[in-house]
2 protein chains.
Amino acid sequence: MRTATLMVTNGEADVGVIETAIDTIKQMIIDGELRPGQKLPVEKNLAEQLGVARNTLREAVRALVAMRVLQTRQGDGTYVTSLSPDLLLDGMSFVADIHLDAGAGEFLHVRRILEAEATALAATRIPDADLVHLGDLLDEAETVAACDPVDHEKLVALDQDFHALIASHCGNAVLAAVTHNMSGRTVRARVWRGMSDPEAVHRTLREHRAVYRALLARDSERARLHAALHVLGVEESLTGSGAFAGEAARG
Amino acid sequence: MRTATLMVTNGEADVGVIETAIDTIKQMIIDGELRPGQKLPVEKNLAEQLGVARNTLREAVRALVAMRVLQTRQGDGTYVTSLSPDLLLDGMSFVADIHLDAGAGEFLHVRRILEAEATALAATRIPDADLVHLGDLLDEAETVAACDPVDHEKLVALDQDFHALIASHCGNAVLAAVTHNMSGRTVRARVWRGMSDPEAVHRTLREHRAVYRALLARDSERARLHAALHVLGVEESLTGSGAFAGEAARG
DNA sequence: AACTCCAATTGATCCGATGAATATGAATGG
DNA sequence: CCATTCATATTCATCGGATCAATTGGAGTT
């Protein structure tokens, strides 16, 4: 009956009833008692089963909802989500966002490694139809960049779509999710907003097109290099080494 | 006064009061209004400031506590954590754990890429003192492995320490944290528990020592290769290709 | 100055009540 | 017989208050 108490003795130190309830539900998922899509007992019953008050259970459930493990629908019930990696790992983008001052470079370094691998893998896996779609994204981005009042928001969205579409075809959902989330919305927005120089925007778009051509050629190594170089360019533009040294090296 | 309502109009769709409260607090952190280590207003005041009930605020705070953004101390108050990447990213290990059936290979693939990079970087950065410590870990692991009733729990802990110590000196906290969390406790435990064959244990320890020797030689490329090969061995032992093909290829 | 002890502060947990959204099944019209 | 409409029950969302427990900080003592 008092499952919660049993879990405490089994697990680590008792740091609180709610933490215990969270870990208990987590463990039920890991153990397979709760499967993706499955409906949980109603709050009243589940609270009684775990030996906690309904409000306490709600805080535990809310924590799991925040980390995309559970999903609640008012009037219906609480369900286990698909637990797919891209769903559970999308909280990482928030981590990247709050470190855009100090640690943005570290996130970008990781993204460079992963994006290079994901792009290389995608070179031999992305369907022709999605390559066409990729080309459309590039064309649209260049159109937007040509306008005088450049819509940076639109460019950010197209940039994100471009990389996400490639990564989604690397054959590894975890790699795609981690890569995608290694730079959050705020980071991407800052990068593009920092491109006051029109030349910087065009250079970035040229890098995108270089990756695109490598994918068209189904050349993994070319794709890997261009992807890495592209992210490296972003890194250097953030650390400031791109404004002088980077630009000089390119020129 | 009604900050929460203002945030809704500013942000995305209103999916609930609690979600709004969570996003508001998140944004306050991203914007720098709340800094690491800072104390939040008391529950009563903060709830009033956000225009929600105290119970509602608690659920929001609880969600942020679960993702290691906030920390509460009874009788004292609620504080913003250090927000360090290793703290905020340690929830990923849970994601890895619940996918140990289907997607363990995908996590290991990512870990292989990152661990190779982290080990290569550490080769030129890890202090001599920690290299000594690393050697001690290896010696201890071999001692444990030599005992008849092999303590697999101890081996798991030593394995985790070995890799964590290396990654911690790669000069990139994000890379270290992501690498570390790419295989959770449950995954590691399963891997080591699956080594019923004593030869498999010794092979793994030999791989560890090969990485160690490369670090001693301060040879980044050797370290990278041995690290990648080591994780690859784990991948193959999980997918089953190690039992036959892997063993044959090695012999 | 150092220690002890008490009261205020603050979060932790619980309880009950009301509102809002959904699902379910009966009733209705075709 | 089938589709639609609608009333009702179920369930989560939100709220306000009450009590317990842990920490803090100052008063008082040595």
Side-chain angles (χ1 to χ4, degrees), chain A residues 1-8 11-25 28 34 37-81, chain B residues 1-8 11-25 28 34 37-81:
Chain A
M1 179 66 75
R2 299 200 55 87
T3 311
T5 304
L6 286 176
M7 290 309 299
V8 170
E12 53 234 16
D14 187 0
V15 291
V17 180
I18 297 180
E19 293 295 330
T20 304
I22 293 175
D23 291 340
T24 303
I25 298 176
M28 287 170 71
L34 290 177
Q38 186 173 338
K39 185 176 180 177
L40 270 68
V42 296
E43 286 184 343
K44 182 175 176 297
N45 292 352
L46 187 54
E48 186 178 353
Q49 179 181 340
L50 297 185
V52 299
R54 182 168 164 269
N55 250 324
T56 306
L57 172 71
R58 272 189 61 80
E59 292 190 22
V61 168
R62 174 61 54 182
L64 291 169
V65 167
M67 58 179 72
R68 306 287 193 270
V69 172
L70 298 180
Q71 179 188 7
T72 58
R73 286 194 302 174
Q74 185 174 333
D76 186 0
T78 303
Y79 297 84
V80 181
T81 67
Chain B
M1 179 70 77
R2 299 203 51 92
T3 310
T5 305
L6 288 176
M7 292 306 301
V8 169
E12 55 231 16
D14 187 2
V15 291
V17 180
I18 297 180
E19 293 295 329
T20 304
I22 293 176
D23 292 340
T24 302
I25 298 176
M28 289 169 70
L34 290 177
Q38 186 173 340
K39 185 176 180 177
L40 271 68
V42 296
E43 285 185 343
K44 183 175 177 296
N45 292 353
L46 186 55
E48 186 177 353
Q49 179 182 340
L50 297 184
V52 299
R54 185 165 163 269
N55 252 325
T56 306
L57 172 71
R58 274 191 60 81
E59 292 190 21
V61 169
R62 174 60 55 181
L64 292 170
V65 168
M67 59 179 72
R68 305 288 193 270
V69 172
L70 298 181
Q71 179 188 5
T72 58
R73 287 194 301 175
Q74 185 173 338
D76 187 2
T78 302
Y79 298 84
V80 182
T81 67

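Remember, it's a predicted structure, so these values are computed and weren't measured experimentally. Lettering of chains follows the sequences in order, A, B, ..., and the numbering in each one begins at 1.
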Query raised in the report: What distance do B:Ile18 atom CD1 and B:Ile22 atom CD1 have between them, rounded to the nearest 0.5 Å?
Result: 7.0 Å
Query raised in the report: Base, sugar-phosphate, or nothing for A:Arg73, non-hydrogen atoms under 4.0 angstrom?
Result: sugar-phosphate
Query raised in the report: A:Leu64 CG to D:dC12 P: how many Å, rounded?
Result: 15 Å
Report task. Compare all side-chain heavy atoms of A:Thr56 with those of A:Leu50 and state whether any distance is below 4.5 angstrom. Result -> no
Requested in this report: Decide yes or no, distance alone: a donor-acceptor N/O pair under 3.5 angstrom between the base of D:dA13 and the side-chain of A:Gln74.
Outcome: no
Query - Atom pair distance, as rounded to whole Å: NZ in B:Lys44 and P in D:dG16 - result: 11 Å
Requested in this report: Apply side-chain contact (heavy atoms from CB on, under 4.5 Å) to B:Glu59 and A:Asn55, showing your working.
Outcome: CA-CA 9 Å; B:Glu59 292 190 21; A:Asn55 250 324; 4.2 Å; yes
Report summary line: The nucleotide from C:dT22, D:dT11, C:dG11 with an atom nearest the side chain of A:Val42 is D:dT11
Requested in this report: Could you tell me whether the phosphate oxygens of C:dG11, OP1 or OP2, come under 4.0 Å of any side-chain nitrogen or oxygen in B:Arg58?
Outcome: no
Query - Phosphate OP1/OP2 of D:dT11 contacted by A:Thr72 side-chain N/O (<4.0 Å) - result: no
Requested in this report: Give the rounded distance in Å between these two atoms: NZ of B:Lys39 and P of D:dT23.
Outcome: 13 Å
Report task. Measure from CG on A:Asp76 to C1' on D:dA9 and round the result to the nearest Å. Result -> 13 Å
Query - Atom pair distance, as rounded to whole Å: CD in A:Glu43 and P in D:dA13 - result: 6 Å
Report summary line: With the side chain defined as heavy atoms from C-beta on, A:Val17 is closest, among C:dT13, C:dA23, C:dA17, to C:dT13
**Report entry** Distance test, side-chain N/O of A:Thr56 to OP1/OP2 of C:dC14, below 4.0 Å
**Finding:** yes
Report summary line: Taking D:dC12, D:dT23, D:dC15 as options, the one with an atom nearest any side-chain atom of B:Val52 is D:dC15
Query - Candidate pair A:Arg62 and B:Glu19, rule side-chain contact (heavy atoms from CB on, under 4.5 Å), full reasoning - result: CA-CA 9 Å; A:Arg62 174 61 54 182; B:Glu19 293 295 329; 3.2 Å; yes
Query - Separation of atom CD in A:Gln71 from atom P in C:dA21, rounded to whole Å - result: 17 Å
Query - Which nucleotide in C:dC14, C:dG11, C:dC15 has an atom nearest any side-chain atom of A:Asn55 - result: C:dC15
Report summary line: Here the distance between atom P of D:dT11 and atom CD of A:Glu48, to the nearest Å, is 14 Å
**Report entry** Full working for side-chain contact (heavy atoms from CB on, under 4.5 Å) between B:Leu64 and B:Met67
**Finding:** CA-CA 5 Å; B:Leu64 292 170; B:Met67 59 179 72; 4.0 Å; yes
Query raised in the report: Closer to the 5' end of DNA chain C via nearest nucleotide, is it A:Ala53 or A:Gly75?
Result: A:Ala53
Query raised in the report: In whole Å, what is the span from the CG atom of B:Leu57 to the P atom of C:dT10?
Result: 14 Å
